[in-house]
Undergrad: 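First the structure, which I've put down as structure tokens, then a few questions once you've had a look.
First the proteins, then the strands, lettered A, B, ... as listed; each starts at 1. Quick note: numbers below take in every heavy atom, side chains included, and nothing from hydrogens, waters or symmetry partners.
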Protein chains: 2
Amino acid sequence: MSRENKSFYALLGVLLLGPATGYEIKQTIEKWLSHFWCESYGQIYPNLKRLVEENLATVKTEVQVGKPNKNIYSITDRGRQVLTEWLMKPIVSHPPVKNEFLLKLFFSQSIPLEESIEQVKQHKQKMLEISMFFEHLKIDAAAQCQEETETLYRSLTLDYSYRAVKGIIEWCDDCIHRLEKSKSPVKEEVR
Amino acid sequence: MSRENKSFYALLGVLLLGPATGYEIKQTIEKWLSHFWCESYGQIYPNLKRLVEENLATVKTEVQVGKPNKNIYSITDRGRQVLTEWLMKPIVSHPPVKNEFLLKLFFSQSIPLEESIEQVKQHKQKMLEISMFFEHLKIDAAAQCQEETETLYRSLTLDYSYRAVKGIIEWCDDCIHRLEKSKSPVKEEVR
DNA sequence: GAGTACATGTAAAACGTTACATGATTGC
DNA sequence: GCAATCATGTAACGTTTTACATGTACTC
């Protein structure tokens, strides 16, 4: 029953919001979950099949002309139950963290200071872009204005990521300062 | 030349700090880099071999009795060069983010509020543990007090992660508040 | 005419962890 | 006596992405 496979639950979760095709699921994840989750088609289509095999979802095929037929998936009661059980289970596995930026920075004593500063500036730029994306998402989410509880949980997850990037942007500024300062640390001691 | 493989550079980076065996590299990564990187033996040993094949490192075997022989790896000039080039290259790939906690929270409108609050409290607990681990690391890093530049970069990377968890802990408190409040949203409007 | 959106699906490749095998020594 | 530390290495397994195949319709 592969309780480990998180993609499974991600798919069930999206289906909870309403029936959808694999294609639509991909889009939903990209739009609303991209700041903390992603799935490729290589995961989505085979897993949707398995969902049906295990009675967690049903399919209806909508015949189309010109385009491939649409396979519209809906969550079943059993699917809802399995998802709910998972949602309430405490998280045990803390999967590997990998941050390429920090890996580089950690070993950066061997490159010129200017280069390190440049890397940090680029990282800050990237974080600014992400924070702007979040701001747009927030507006979109508020505009959609569905059920109040749904909005609450979307808002909470968005705030989590937003706060994280904001913190990182502040860190970038600090970091640039500290690196600049270390260029000429003697001056301050001389005065 | 597999420029994609980040493990490669992680190994080179650790070897930059001094010659080491695969076993010691694992320990170093676990102690100092664990908050942003990890490597398993299944990655370390085969990649160390490849490092030697590509002249980025050399091995010396130290014969031991009772234990397996030690293979001590040292970085070569070419290794240093390859590492430095990578350090200065801008980061292009932003690998998949996967946050199981947020995935659960996003879909939590379908479980009782109390359960969601419990999940957030557990997440906060985890973050507190991590922040304490960071505080210890900071002390250890200061105590080692090697070269000043080395200390600077370690301190910077640590602060990055530290600030991130601190932000998340604050978010947890906020989040718990907001969830508690949504239990009885009517009261406030009634008054 | 090129590119994008719609729509599904698979095979190959890369990536990464876990578990196993081996085996002495030291501390509880 | 059991667990942990030291030390290396591989095979199996699972996960995940990428690239490919297919094909219409619409927009620039």
Undergrad: Can you check the B:N47 CG to C:dG16 P distance for me, whole Å?
TA: 9 Å
Undergrad: Rounding to a whole Å, what distance do you find between B:F8:CZ and C:dA14:P?
TA: 14 Å
Undergrad: Counting side-chain heavy atoms from C-beta on, which of C:dG16, D:dT17, D:dT8 comes nearest to B:N71?
TA: D:dT8
Undergrad: From C:dT8, D:dT10, D:dT17, pick the nucleotide closest to the side chain of A:S40?
TA: D:dT17
Undergrad: Starting at atom CH2 of B:W37, determine the distance to atom C1' of C:dG16, rounded to an integer number of angstrom.
TA: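 Answer to the nearest Å: 12 Å.
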Undergrad: Using a heavy-atom distance cut-off of less than 4.0 Å, which residues of residues 14-27 of chain A contact DNA chain C?
TA: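 DNA chain C contact set from residues 14-27 of chain A: A:T21, A:G22, A:Y23, A:Q27.
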Undergrad: Check for a donor-acceptor pair, side chain of A:W171 on one end and backbone N or O of B:L156 on the other, with a separation under 3.5 Å.
TA: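 At least one qualifying donor-acceptor pair exists.
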Undergrad: Among C:dG9, C:dG16, D:dT10, which nucleotide has an atom closest to any side-chain atom of A:Y45?
TA: C:dG9
Undergrad: Rounded to whole angstrom units, what separation is found between the CD atom of B:Q43 and the C1' atom of C:dA14?
TA: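 Distance check: B:Q43 CD to C:dA14 C1' gives 10 Å.
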Undergrad: What is the distance, rounded to the nearest whole Å, between atom NZ of A:K6 and atom P of D:dT16?
TA: 8 Å
Undergrad: Nearest whole Å is fine: how far is D:dA7 C1' from B:Y73 OH?
TA: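 It is 12 Å, rounded to the nearest whole Å.
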Undergrad: Salt bridge or not for B:R154 and B:D140, using N-O below 4.0 Å?
TA: no
Undergrad: So, B:K183 and B:E114, do they make that salt bridge, N to O below 4.0 Å?
TA: yes
Undergrad: Given C:dG16, C:dT8, D:dT10, identify the nucleotide with an atom nearest to the side chain of B:K49.
TA: D:dT10
Undergrad: Which one of A:Y153, A:W32, A:F36 satisfies the ring-ring contact (aromatic ring centres under 6.0 Å, His included) criterion with B:F106?
TA: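 In the set A:Y153, A:W32, A:F36, the residue that makes a ring-ring contact (aromatic ring centres under 6.0 Å, His included) with B:F106 is A:F36.
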Undergrad: Looking at C:dA7, C:dT10, C:dG16, which one has an atom nearest to any side-chain atom of A:K70?
TA: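 Among C:dA7, C:dT10, C:dG16, the one nearest the side chain of A:K70 is C:dA7.
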Undergrad: Below 4.0 angstrom, N of the basic side chain to O of the carboxylate: do A:E39 and A:K26 qualify?
TA: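 A:K26 and A:E39: not salt-bridged.
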Undergrad: Quick one: does any side-chain atom of B:T76 pair with a main-chain N or O of B:L56 as donor and acceptor, under 3.5 Å?
TA: yes
Undergrad: Just report the end-to-end axis angle for the helix from C:dG1-D:dC28 to C:dC28-D:dG1, five pairs per end, to 10 degrees.
TA: 40°
Undergrad: For the pair A:Q119 (side chain) and A:K104 (backbone), establish whether a donor and an acceptor sit closer than 3.5 Å, ignoring hydrogens and angles.
TA: no
Undergrad: Between A:E170 and A:D173, is any pair of side-chain heavy atoms under 4.5 Å apart?
TA: no
Undergrad: Whole angstrom is fine here: how far is it from CD1 in A:I44 over to P in C:dG9?
TA: 12 Å
Undergrad: I need the CZ-P distance between A:R50 and C:dG9, as an integer number of Å.
TA: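 Value for this atom pair: 15 Å.
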Undergrad: Under 3.5 Å, is there a donor-acceptor pair between the side chain of A:S108 and the main chain of A:I111?
TA: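 Looks like no, no N/O pair under 3.5 Å.
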Undergrad: Counting side-chain heavy atoms from C-beta on, which of D:dT8, D:dT16, C:dG16 comes nearest to A:N5?
TA: D:dT16
